[in-house]
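Just so you know, these numbers use all the heavy atoms, side chains as well, and skip hydrogens, waters and symmetry mates. Labels below follow one simple rule: chain letters A, B, ... track the order of the sequence lines, proteins then strands, and each chain is numbered from 1.
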Protein chains: 2
Amino acid sequence: MRLLPHPATEDIELTEVLRALSDPVRLQIAIRLALAGELNCTTAADDLGVHKSTASHHYRALREAGVVVTKQEGRLKYMSLRRADLDVRFPGLLDAILRSANRPSGRTASAHRAAAGGPEEQVAREQVTERADARA
Amino acid sequence: MRLLPHPATEDIELTEVLRALSDPVRLQIAIRLALAGELNCTTAADDLGVHKSTASHHYRALREAGVVVTKQEGRLKYMSLRRADLDVRFPGLLDAILRSANRPSGRTASAHRAAAGGPEEQVAREQVTERADARA
DNA sequence: CCTATAGTTGGATCGTTGTCAAACAATGAG
DNA sequence: CTCATTGTTTGACAACGATCCAACTATAGG
């Protein structure tokens, strides 16, 4: 069993963690790892609609940011979240992100209900008070 | 008083928030806003070593990601964090990030002590178990 | 009206990133 | 050894992003 190189806990940078998780594909991988504990590369990116080489780049991005560790067993590589390390370095951060990621994207259920009964495109409106036509 | 356009609370995307805060300059601006509550643009980016137009682009990035609101009063524009909105959308996320941002970057105090007494460059070592020369 | 202040916009540049495809490497199975 | 499986590397390319500079807009104050 081998571990691939990854940054020491103290070297994990907040901006790099945020950046790593700011990509939808990588965030999805992280979510799956959080649920499964450990996944091999093929499984982790399955049905994500990206080429395997693209996925491989994402694995590296996650690893170099300090978000995951990769260990090789036989011909498979397994990734897992560095939950403990991240919690030492940035207490509560990973949990907050994962919890946020499991929220409904876009409209809430109540907003959906309101939108269903009301006029269309009400949903796409922006929040602007006093002079909705304000220019930047 | 005018508010500049910004996304509705339900439209704030996690990946965009993470992306917005994954830039050191923008993260620093967010930290200052968290401390000061409200800052005008000049003050927010003061001593950050970026051109005022660069700063302006960052303001827009933060605003479009849903992290800040900007209101104009007279000839000044004031930014503030959308704490309440973000907490509705992603409970605990912003606090976790801001708390993480206030942690010491790089080595801990104890690691600094150890590094000061030991051989140099020990500090830059990576965590690799079993085969430190493992290739990716 | 003129000027100074505050901030935005647009162009140019330059590095980074996400993507795919094809070639490669390493491993386990037959 | 040969082959299929797993994943990485490399190259190419388009898109994006951070930055600076210059020009612009808008507002307040003489």
Side-chain polar contacts of residues 94-101 of chain A - donor-acceptor pairs under 3.5 angstrom, sequence neighbours left out - could you list them?
unit_1 : atom_1 : unit_2 : atom_2 : d
A:D95  : OD1    : A:R83  : NH1    : 3.2
A:R99  : NH1    : B:P91  : O      : 3.4
A:S100 : OG     : A:A96  : O      : 2.7

*Would you say a side-chain N or O of A:R2 is under 4.0 Å from OP1 or OP2 of C:dA26?*
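It does not, given that no N or O in the side chain of A:R2 lies less than 4.0 Å from OP1 or OP2 of C:dA26.
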
To the nearest Å, give me how far apart [atom1] ([X]) and [atom2] ([N]) are.
X     : N      : atom1 : atom2 : answer
A:Y78 : C:dT27 : OH    : P     : 15 Å
A:L48 : C:dT19 : CG    : C1'   : 14 Å
B:R75 : D:dG30 : CZ    : C1'   : 12 Å
B:L4  : D:dT25 : CG    : P     : 17 Å

*Quick one: which of C:dT9, C:dT27, D:dT8 gets closest to the side chain of A:K77?*
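Of C:dT9, C:dT27, D:dT8, D:dT8 is nearest to the side chain of A:K77.
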
*Side chain of B:R82, backbone of B:V67: donor and acceptor closer than 3.5 Å?*
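Side chain of B:R82 to backbone of B:V67: no pair is present.
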
*Is there a donor-acceptor contact under 3.5 Å from the side chain of B:R32 to the main chain of B:A44?*
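Yes, because the side chain of B:R32 sits within donor-acceptor range (under 3.5 Å) of the backbone of B:A44.
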
Show me the protein contacts with nucleotides 18-22 of chain D, counting only N or O atoms at under 3.5 Å.
unit_1 : atom_1 : unit_2 : atom_2 : d
D:dA18 : OP1    : B:R26  : NH1    : 3.3
D:dA18 : OP1    : B:R26  : NH2    : 2.7
D:dA18 : OP2    : B:R26  : NH1    : 3.2
D:dT19 : OP2    : B:H58  : NE2    : 2.5
D:dC20 : OP2    : B:H51  : N      : 2.7
D:dC20 : OP2    : B:T54  : OG1    : 3.0
D:dC21 : N4     : B:S53  : OG     : 2.5

*Apply salt bridge (Lys or Arg N to Asp or Glu O under 4.0 Å) to the pair A:E38 and A:K71, showing each step before the final yes or no.*
CA-CA 10 Å; A:E38 197 171 74; A:K71 71 175 166 189; 3.2 Å; yes

*asked:* Show every side-chain hydrogen bond (donor to acceptor under 3.5 Å, both in side chains) that has at least one partner inside residues 48-59 of chain B, sequence neighbours left out.
replied: B:R26-B:H58, B:H51-B:S53

